[in-house]
2 protein chains.
Amino acid sequence: MAKKFIISNHIRKLRFFANEMTQQELAEKAGASRQTIIAIEAGKYSPSLELAFRIADVFGVPIGEVFECEVREE
Amino acid sequence: MAKKFIISNHIRKLRFFANEMTQQELAEKAGASRQTIIAIEAGKYSPSLELAFRIADVFGVPIGEVFECEVREE
DNA sequence: ACAGATAGTAAAAAATACTTGACATTTTGA
DNA sequence: TCAAAATGTCAAGTATTTTTTACTATCTGT
């Protein structure tokens with residue numbers, strides 16, 4: 001009955017669609033460090049809602065197009 | 001040139017639309033403490049992306065319908 | 001082969017989110 | 001009017017996110 005929330009993201013794809021934007025560039029535009037972008041892109045942890053919005057803003061897409069959440073019942 | 005991200009939410013409205021769900025109930029269903037719900041609802045801080053998804057899931061709406069982000073240039 | 005740009009890892013410290021518990025206020029209904 | 005339920009505040013502690021620094025690996029072009 002416990003739900004598990006698996007959050008995934010499309011940052012890598014979005015970076016390449018956005019003229020092959022580098023992690024460094026995304027980090028600067030989103031106001032985060034490069035390490036943070038790497039960790040989030042790699043799914044090491046999920047960012048704060050604010051950072052999630054900042055990243056979505058860089059790409060000019062709604063937040064739901066950057067981050068997705070699969071809910072698994074167990 | 002720095003951007004400010006003002007995150008707001010519609011939790012209060014959504015709770016009342018959802019059969020007047022109490023903060024306590026929402027906290028339990030979202031797997032958070034009541035204090036956390038109070039603080040988020042009051043805009044004290046923005047939650048983690050995971051908790052944001054959990055809250056949206058309780059109401060059965062996409063995350064963008066619970067949280068909104070106004071970008072202000074300055 | 002070398003230099004520079006990009007991507008990746010790791011660890012410690014700082015910042016922020018979250019929990020727990022205790023108590024105050026307001027609202028609602030018996 | 002009284003009690004219970006819902007909301008809210010405060011503070012201390014835990015957990016997680018984020019930054020900083022430093023080092024390694026891979027790829028590209030000269």
Side-chain angles (χ1 to χ4, degrees), chain A residues 1-59 63-72, chain B residues 1-59 62-72 74:
Chain A
M1 209 51 187
K3 287 183 177 180
K4 209 168 197 175
F5 288 68
I6 296 122
I7 295 174
S8 57
N9 70 80
H10 303 268
I11 295 179
R12 198 157 201 115
K13 272 183 244 162
L14 286 162
R15 280 200 300 117
F16 286 100
F17 281 134
N19 201 30
E20 309 232 343
M21 184 187 297
T22 77
Q23 293 176 327
Q24 178 72 57
E25 211 181 331
L26 173 56
E28 281 161 10
K29 291 188 178 176
S33 72
R34 192 173 63 92
Q35 309 311 321
T36 299
I37 298 298
I38 290 173
I40 293 169
E41 200 174 289
K44 291 250 176 84
Y45 54 73
S46 68
S48 67
L49 189 59
E50 166 155 357
L51 183 50
F53 270 119
R54 283 178 177 274
I55 292 170
D57 181 72
V58 170
F59 295 121
I63 193 170
E65 275 184 42
V66 182
F67 297 94
E68 277 179 18
C69 188
E70 183 204 341
V71 182
R72 186 176 298 166
Chain B
M1 209 48 187
K3 289 184 176 181
K4 210 168 198 176
F5 288 69
I6 297 123
I7 295 174
S8 57
N9 70 79
H10 303 270
I11 294 178
R12 199 157 201 116
K13 272 183 242 160
L14 286 162
R15 281 200 299 115
F16 286 100
F17 282 134
N19 201 28
E20 308 233 340
M21 183 187 297
T22 81
Q23 292 176 327
Q24 178 73 58
E25 211 179 331
L26 172 56
E28 282 161 10
K29 289 188 179 176
S33 72
R34 192 172 64 90
Q35 311 310 323
T36 299
I37 298 298
I38 289 174
I40 294 169
E41 198 173 292
K44 291 249 175 86
Y45 56 74
S46 68
S48 67
L49 189 58
E50 165 156 357
L51 183 50
F53 270 120
R54 284 178 176 274
I55 293 170
D57 180 73
V58 170
F59 295 122
I63 193 168
E65 276 185 40
V66 182
F67 298 93
E68 277 179 19
C69 189
E70 183 203 342
V71 182
R72 186 177 296 167
E74 26 194 49

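Each chain gets a letter, A, B and so on, in the order its sequence line appears, and its residues count up from 1. The analysis underlying the following values was restricted to heavy atoms, covering all of them including side chains, and did not include hydrogens, waters or symmetry mates.
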Using a heavy-atom distance cut-off of less than 4.0 Å, which residues of residues 10-29 of chain B contact DNA chain C?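 Close to the strand, none.
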Can you list, by residue number, the residues of residues 33-42 of chain B that have a non-hydrogen atom closer than 4.0 angstrom to DNA chain C?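 Nucleic-acid contacts, sorted: B:S33, B:Q35, B:T36.
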Identify the heavy atoms of [X] and [Y] that sit nearest to each other, and give their distance.
X	Y	value
A:D57	B:K3	OD2-NZ, 2.9 Å
A:F5	A:V71	CE2-CG2, 3.7 Å
B:I38	B:Q23	CG1-OE1, 3.4 Å
A:A30	A:I55	CB-CG1, 4.1 Å

Check every nucleotide of DNA chain D for an atom under 4.0 Å from a heavy-atom of chain B, then give the first and the last such nucleotide from 5' to 3'.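 First and last nucleotides in contact are D:dA6 to D:dC10.
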Quick one: side chain to side chain contact (heavy atoms under 4.5 Å, CB included) partners of A:E68, sequence neighbours excluded?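 Per chain and number, A:E68 pairs via side chain to side chain contact (heavy atoms under 4.5 Å, CB included) with A:S8, A:H10.
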Atom pair CZ (A:R34) and OG1 (A:T22), whose distance is rounded to the nearest 0.5 Å: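 Going from CZ on A:R34 over to OG1 on A:T22, the span is 9.0 Å.
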For [X], enumerate each residue passing the side chain to side chain donor-acceptor pair (under 3.5 Å) test, keeping only those at least two apart in sequence or located in another chain.
X	answer
A:K29	none
B:E25	none
B:S33	B:T36
B:R12	B:E41

For a quick test of reading the model: is some side-chain N or O of A:K44 closer than 4.0 Å to OP1 or OP2 of C:dT9?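 Yes, such a contact exists.
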Distance check: side-chain N/O of B:S48 vs OP1/OP2 of C:dC18, anything under 4.0 Å?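 Checking B:S48 against C:dC18: at least one side-chain N or O falls below 4.0 Å of OP1 or OP2.
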Axis deviation across the helix from C:dA1-D:dT30 to C:dA30-D:dT1, five-pair ends, to the nearest 10°: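 The end axes of the helix from C:dA1-D:dT30 to C:dA30-D:dT1 are about 40° apart, to the nearest 10°.
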Could you list the donor-acceptor pairs under 3.5 angstrom formed between side-chain atoms of residues 42-50 of chain A and any protein atom two or more places apart in sequence or on another chain?
unit_1 : atom_1 : unit_2 : atom_2 : d
A:S48  : OG     : A:L51  : N      : 3.2
A:E50  : OE2    : A:R54  : NE     : 3.1
A:E50  : OE2    : A:R54  : NH2    : 3.1

Worked check of side-chain contact (heavy atoms from CB on, under 4.5 Å) between B:F67 and A:I63: CA-CA 10 Å; B:F67 298 93; A:I63 193 170; over 6 Å; no
Considering residues at least two apart in sequence or located in another chain, which fulfil the salt bridge (Lys or Arg N to Asp or Glu O under 4.0 Å) criterion with B:E20?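 Not a single residue meets the salt bridge (Lys or Arg N to Asp or Glu O under 4.0 Å) criterion with B:E20.
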Nearest-Å distance for atom pair CG/C1', residues B:L49 and C:dC18: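 These atoms are roughly 16 Å apart.
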